[in-house]
Structure formats: structure tokens, C-alpha cells
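Right, one structure below, let's go through it.
Heads up: numbering here begins at 1 and tracks the sequence. Counting convention: from 1, in listed order, for ligands and their atoms alike. Computation of the quantities below employed the complete heavy-atom set of this structure, encompassing side-chain atoms and omitting hydrogens, waters and symmetry-equivalent molecules.
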Amino acid sequence: MRQTILIIGAGGGLGTALTDHYLAAGWQVIGWSRQAPVRTDSALQWQQLDGYQPEQLQDAQAALEGVELSGVLCTLGMLHTESHMPEKHLGALSAEHLRASFEINAILPILLLQQLLPLLPKKQSCFWVQLSAKVGSITDNYLGGWYSYRASKAALNMLLKTASIELGRTHKKLIIAAVHPGTTDTALSEPFQQRLPADKLYSPQLSAERIAQVIENLTTAQSGKLLHWDGTELPY
Ligand SMILES: NC(=O)c1ccc[n+]([C@@H]2O[C@H](COP(=O)([O-])OP(=O)(O)OC[C@H]3O[C@@H](n4cnc5c(N)ncnc54)[C@H](OP(=O)(O)O)[C@@H]3O)[C@@H](O)[C@H]2O)c1
């Protein structure tokens, strides 16, 4: 039977590439995004949302009733906005950007898990993967800077780890993982690409393939982990 994936944030750089990847692999894809559909395809069901706050998800959630999901892949994330770039030093920190980063990078993703949990199968295996970032690793932080992004991704990793422990008791076949995609050529990384060696900037298509490979190889023993795109475990 055809597998079904829900991709949340399907209109972003990685979201679009992941949508393409899973469609090409023969999956049924349900895409949630604030954007108009990235393409038309008989296997793609697109839900354009006003936003990802719990009260904005009711119609999209109702459309999921009865759908047998193999897993959910959430790409939501924010590094910079038109008015804020990642902080290079403490003086650049603002409550506004810190709050917005926590909202998009940590709070919305865990509320999505809370809200969609009743729709996840209990008897079959299922994955809940959220794209995170290696810079959210506290152990791996040797460079400093990027206060809001680092801290909000660290909070995300902790929220997912905590949920994995609780849900490991009730949803024994559910695997919750945070995946670092590697620096990928999207709008999110665009302002920071100049100094990168060309072989360290990956195309969205390549990153999508790698993320899908990590998902394919997930085991319940990996639930709650932060995983690199090559499948290895990263430290918190
Ligand atoms: N690109 C990289 O180098 C890189 C590296 C490490 C980690 N990541 C992580 O990978 C994920 C995807 O990133 P990307 O590179 O594809 O970035 P992107 O193109 O900017 O996409 C970001 C996604 O987050 C959602 N989003 C952004 N701002 C939002 C807001 N204000 N409110 C609600 N939703 C918002 C968008 O959903 P819509 O579909 O609704 O627009 C979009 O799908 C993020 O979690 C990011 O932190 C990326």
C-alpha cells in the first residue's frame, strides 16, 4: 500500500524538495504550508494555512481524520527575518527576536506534536521528524553567536527528547527524532553562504534525499535523538 507522509512547512526550501522527493518515491504527500501549492500532482494534497497556531489548524486537521500516516516531517524553522539577523554578540540580542525564534523553532513544533498526537497510529510504526540544527547542540557550541537560533533549537531538542520519553510508554512504535539537514541552499541560509566552501553547501534535493534516508533507517532506539544527515547521533 502507498505510504502517506504529512510534511509541515512544505513550501520552504527543504519542504519543497522533500515534497518532490516523496512524490517521486511514490508516496502520498499531504503538504501544509502558508504558501500556495508548490505543484499539482494527483498524489499531493495541499492545505494552505494562515499559520501554524493550534486554532489555525482545525480544517487541515479535520482533513487528516481516517488517514493512515506513516509519519510526519516538520520543517518549520526561522534563522533571520527582514529586520533581524542572527546575533554576532550579546549586544545584538533583542527580546523580540528571541521570542519570535522560540515561537517558530520550538513552541509551534511541539504544539503541533501535541495537537496531532491523536491522529498518529499506535499499533503501526510511525515517525515524527522535526528538522533541527547542529548549532542547537550545547556540547558542540564552540563558536558562540546566533543566540536566538541556537537557544531555540536547543529548546526544541529538549522538548522532543522529553516527549519521546513520555510517548515511548504509550506509543511504543512512534519514533521522534530531530534531524540536522546540513547547510542547504535555501532562503534560510542564503545570507551566510558566501564564506562556505562550495562542497559544504548542499542542494535542497541532496539534503532531501539524505533526510529521507535517515527516516528510512530510523529505529525506536533512536527516538529522542538529534541526528546528523548521515544518520549518526549528535550530542545535545
Ligand atoms: N537551510 C539550512 O542550511 C538549514 C541548516 C540547518 C537546519 N535547517 C532547518 O531546516 C528547516 C527548513 O529550513 P529551510 O532551509 O527549508 O528554510 P526555509 O526555506 O526558510 O523554510 C522554513 C520553513 O519554516 C516555515 N516558517 C518560516 N518562517 C515562519 C513563520 N514566521 N511562521 C511560521 N512558519 C514559518 C515555512 O513554512 P511555510 O511552508 O508555511 O512557508 C518554511 O517551510 C528549518 O527548521 C531550519 O532551521 C536548515
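- The closest protein non-hydrogen atom to atom 19 (O) of ligand 1 is Gly13 N, 2.7 Å.
- Across every non-hydrogen atom of Ala208 and His21, the tightest pair is CB-CB, 4.2 Å.
- For the side chain to side chain contact (heavy atoms under 4.5 Å, CB included) test with Val129, the passing option among Leu18, Leu218, Val72 is Leu218; the others fail.
- Residue, atom and distance of the protein heavy atom nearest to atom 20 (O) of ligand 1 are Leu188 CB, 3.8 Å.
- Between Leu108 and ligand 1, a contact under 3.5 Å exists for no N or O pair.
- Ser148 pairs in a side chain to side chain donor-acceptor pair (under 3.5 Å) with only one of the listed residues (His80, His97, Glu87, Arg99), which is Glu87.
- Closest approach of Ser132 to Leu156, counting heavy atoms only: OG-CD2, 3.7 Å.
- If you number the atoms of ligand 1 from 1 as listed, the ones under 4.0 Å from a heavy atom of Gln35 come out as 38 (P), 41 (O).
- If you check the side chains of Thr184 and Ser207, you find a donor sitting under 3.5 Å from an acceptor.
- Close approach of ligand 1 to Ser189 is summarised as follows: ligand atoms under 4.0 Å from at least one heavy atom of the residue are 3 (O).
- With a 6.0 Å radius and a threshold of 12 heavy atoms from other residues, nucleotides or ligands, Asp230 has its CG atom above the threshold.
- At under 3.5 Å, a nitrogen or oxygen of Gly9, whether backbone or side chain, sits near a nitrogen or oxygen of ligand 1.
- Contact annotation: for Leu76 versus ligand 1, heavy atoms closer than 4.0 Å belong to both the backbone and the side chain.
- Taking all heavy atoms of Ile8, Thr183, Thr75, Ile104 into account, the minimum distance to atom 23 (C) of ligand 1 is reached by Thr75.
- Using a 4.0 Å heavy-atom cutoff, Glu103 is absent from the residues neighbouring ligand 1.
- Neither side chain, Ser203 nor Asp185, offers a donor N or O lying under 3.5 Å from an acceptor on the other.
- The nearest non-hydrogen atom to atom 5 (C) of ligand 1, considering only Ser132, Gly15, Ala10, Gly182, comes from Gly182.
- Enclosure of atom CD in Gln53 by more than 12 non-hydrogen atoms of other residues, nucleotides or ligands within 6.0 angstrom is indicated.
- Side-chain atoms of Ser70 and Gln3 include a donor-acceptor pair closer than 3.5 Å.
- Residue-to-ligand polar distances keep Pro181 apart from ligand 1: every N/O pair is separated by 3.5 Å or more.
- The shortest non-hydrogen separation linking Leu234 to His180 is CD1-CB, 3.9 Å.
- Scanning both residues, Thr75 and Gln130, for their nearest heavy atoms gives C-NE2, 4.1 Å.
- Looking only at protein heavy atoms, the nearest one to atom 15 (O) of ligand 1 is Thr186 OG1, 2.5 Å.
- Taking every heavy atom of Tyr52 and a limit of under 4.0 angstrom, the matching atoms of ligand 1 come to 33 (C), 34 (N), 37 (O), 38 (P), 39 (O), 40 (O).
- Shortest contact from atom 21 (O) of ligand 1 to any protein heavy atom: Gly12 CA, 3.6 Å.
- Between Trp229 and Tyr202, the gap from one ring centroid to the other is short of 6.0 Å.
- Within 6.0 Å of the CE atom in Met158, the count of heavy atoms belonging to other residues, nucleotides or ligands does not exceed 12.
- Nearest protein heavy-atom neighbour of atom 2 (C) of ligand 1: Thr184 N, 3.5 Å.
- Residue-to-ligand polar distances place Gly11 within reach of ligand 1: an N/O pair is separated by less than 3.5 Å.
- An N or O contact shorter than 3.5 Å is missing between Ala187 and ligand 1 by distance.
- At least one heavy atom of Tyr149 sits less than 4.0 Å from an atom of ligand 1.
- Between the side chains of Gln61 and Gln115, at least one donor N or O sits under 3.5 Å from an acceptor N or O.
- Nearest protein heavy-atom contact of atom 27 (C) of ligand 1 is Gly77 O, 3.4 Å.
- The shortest N or O to N or O distance between His180 and ligand 1 is not below 3.5 Å.
- Heavy-atom proximity to Lys153, at under 4.0 Å, picks out these atoms of ligand 1: 44 (C), 45 (O), 46 (C), 47 (O).
- Between Trp32 and ligand 1, no N or O atom pair is found at a separation short of 3.5 Å.
- When hydrogens are left out, the protein atom nearest atom 39 (O) of ligand 1 is Ser33 OG, 2.7 Å; that is the closest non-hydrogen contact.
- At the shortest separation from atom 35 (C) of ligand 1 among protein heavy atoms lies Arg34 NH2, 3.4 Å.
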